[in-house]
Amino acid sequence: VDDGDRRAPAVRAAFIGSGFMGRMHARAAAANGAELVAVLSRDPERADRAAAELGAARGRTSLEQLLAEDRPDVVHICSPNATHHDYARAVIEAGVNVVCEKPLATSPADAQDLADLADERDVVASVPFVYRFHPMVREARARIAAGELGRVIGLQGAYLQDWLLLPDDDDWRVDSRVGGPSRAFGDIGSHLVDLLEFVTGERIARLVATTATVHARRGGRSVDTEDVAAVLVELAGGAVGTIQVSQVFAGHKNDLVLDVAGELASLRFEQERPDTLLLGGRDASAVLSRDARVLAADAARLSTVPSGHPMGYADAFTGYVGDVYAAIRGERPEGLPTFRDGARAAEATAAVLRSAAGRSWTDLPTRGIDDDRDDATRHALHRAVG
Ligand SMILES: NC(=O)c1ccc[n+]([C@@H]2O[C@H](COP(=O)([O-])OP(=O)(O)OC[C@H]3O[C@@H](n4cnc5c(N)ncnc54)[C@H](O)[C@@H]3O)[C@@H](O)[C@H]2O)c1
């Protein structure tokens, strides 16, 4: 059957950077039927190889040329943090949709500037807070929105890794000129702040933080970014809790966990076991396995293989990019992280550094979490089956 006329034209996607994330984005773009038109590389010798690695039609060394000649519908920015602002600005100014990796920028002012510009130019502008795209995260969010936990009274979040444990472990993120003034919190704490606010539907209203740099020197130079951050938080609704972030916690690879305690029950999500959600009750607790038949509608739609067939990070990424492309086609997918969310994480990261430096509590703005929760959202959060 020739259904060619009814099919939406393929999204034309281009990429900046071809490391871990460039490859992740390209793979998710291809899985969503995109045409991979080009990849930008600084180094002319690398450009063609990068294109071959990503499966893109050509390598480019000039963004202007890429935008003009490859006519992308969207550019995925997957380069080091300090490059995000200028690249994202150039893409949006060309009127092109943009996906920009976290942290959206290395200062709250730059992140805000991009969020404002994206609104002004009315492009789809999204930050890959990809953990939002695990079905069981949507399930947790839906249960909290439906009041199953009662009032949220406490929480505990941690994001622990060990890839920078040894003094000779090094990366561009260690250098504040490339990674930004915050390393551990900006790099992974940003995900946790986004997830915590997304799942609870509440803003962090104030925090007090302490940070530590375990190794003063790496790669023959002194280190000016933190390895560890421990944060006390208070949510706008009065709940109190803790956030711990570390890149030097032996044995913990990508150990993001979020516990939310309510008056009636609690929930626990573990990123390394993303197909389950732990439900805590005073009389009995349970492990809820991902099964689209019993999940909230917004969780079920992201559950793309049957229960018992494990889904993970790559699937969440594919779901995320699918929603970005749906937004580009004019749909309004539930829970798509925007540049406003990227700016929020940048604001929280700056607050952590400020609090740690001043050894004092810092307030955060609490505006805006329900702004996007229109009727469509409430509908999507509704349970799939009674
Ligand atoms: N959303 C997530 O889950 C997630 C996970 C990992 C990394 N990230 C983010 O993705 C971005 C890239 O991280 P990564 O782990 O892929 O790093 P990486 O080091 O693996 O890759 C970086 C890429 O950028 C290229 N590059 C460096 N400088 C550039 C420049 N000036 N212009 C264009 N390209 C340049 C490098 O050649 C390389 O291809 C970072 O901002 C990081 O925070 C997000």
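We count ligands from 1, going down the list as the structure has it; atoms in each ligand are counted the same way. This structure is a prediction, so every number in the text was calculated from the model and none was measured.
When the heavy-atom distances from atom 18 (P) of ligand 1 to Tyr313, Phe15, Trp172, Phe129 are ranked, the shortest goes to Trp172. Taking each of Arg173, Arg42, Met24 in turn, the one with a heavy atom nearest to atom 13 (O) of ligand 1 proves to be Arg173.
The ligand atoms of ligand 1 that sit less than 4.0 angstrom from a heavy atom of His191 are 1 (N), 2 (C), 3 (O). When each atom of ligand 1 is checked for a heavy atom of Ile16 under 4.0 Å away, the hits are 33 (C). Distances below 4.0 Å separate heavy atoms of Cys78 from the following atoms of ligand 1: 12 (C), 22 (C), 23 (C), 24 (O). Within ligand 1, the atoms closer than 4.0 Å to a non-hydrogen atom of His84 are 41 (O), numbered from 1 in the order shown. Numbered from 1 in the order shown, with element, the atoms of ligand 1 that lie under 4.0 Å from a heavy atom of Val130 read 3 (O). The contact set between ligand 1 and Tyr87, taken as ligand atoms under 4.0 Å from a residue heavy atom, comprises 30 (C), 31 (N), 32 (N), 33 (C). Atoms of ligand 1 found under 4.0 Å from any heavy atom of Pro80 (numbered from 1 in listed order, with element): 24 (O), 26 (N), 27 (C), 28 (N), 29 (C), 35 (C).
For the pair Arg138 and Phe133, the cation-pi criterion (under 6.0 Å, within 45° of the ring axis) is fulfilled. For the pair Arg27 and Phe317, the cation-pi test (distance below 6.0 Å, angle within 45°) is failed.
Counting only heavy atoms of the protein, atom 21 (O) of ligand 1 lies nearest to Gly19 CA, 3.4 Å. Nearest protein neighbour of atom 39 (O) of ligand 1, counting heavy atoms only, is Ser18 N, 2.9 Å. The protein non-hydrogen atom at the shortest distance from atom 34 (N) of ligand 1 is Ser79 CB, 3.7 Å.
In terms of polar-atom proximity, Asn81 is counted as a contact of ligand 1, with an N or O under 3.5 Å from an N or O of the ligand. Ligand 1 has an N or O atom lying under 3.5 Å from an N or O atom of Phe20, backbone or side chain. In terms of N/O distances under 3.5 Å, ligand 1 is approached by Glu101.
Looking only at distances, a side-chain donor or acceptor of Asn32 sits under 3.5 Å from a matching main-chain atom of Thr318. When atom types are taken as modelled, the side chain of Thr200 and the backbone of Leu196 share a donor-acceptor pair closer than 3.5 angstrom. Checked by atom type and distance alone, the side chain of Asp162 never pairs as donor or acceptor with a backbone atom of Ala250 at under 3.5 Å. Looking only at distances, a side-chain donor or acceptor of His84 sits under 3.5 Å from a matching main-chain atom of Ser79. The backbone N or O of Pro365 sits less than 3.5 Å from a side-chain atom of Arg344, completing a donor-acceptor pair.
Inspection of the Arg290 and Ser303 side chains reveals an N or O donor paired with an N or O acceptor under 3.5 Å. A side-chain N or O of Asp113 and one of His85 form a donor-acceptor pair less than 3.5 Å apart.
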Would you check, one step at a time, whether the test ring-ring contact (aromatic ring centres under 6.0 Å, His included) holds for His252 with Tyr159?
CA-CA 9 Å; His252 294 252; Tyr159 198 159; over 10 Å; no

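Closer than 4.0 Å to atom 30 (C) of ligand 1 lies at least one heavy atom of the protein.
Both the backbone and the side chain of Met21 come within 4.0 Å of ligand 1, judged by heavy-atom distances. Of the heavy atoms in Lys102, both backbone and side-chain atoms come closer than 4.0 Å to ligand 1. Contact annotation for Asp187 and ligand 1: only side-chain heavy atoms (C-beta onward) come within less than 4.0 Å of the ligand.
With a 6.0 Å radius and a threshold of 12 heavy atoms from other residues, nucleotides or ligands, Arg221 has its CZ atom above the threshold.
Partner of Arg183 under the side chain to side chain donor-acceptor pair (under 3.5 Å) criterion, chosen from Thr225, Asp175, Thr211: Thr225.
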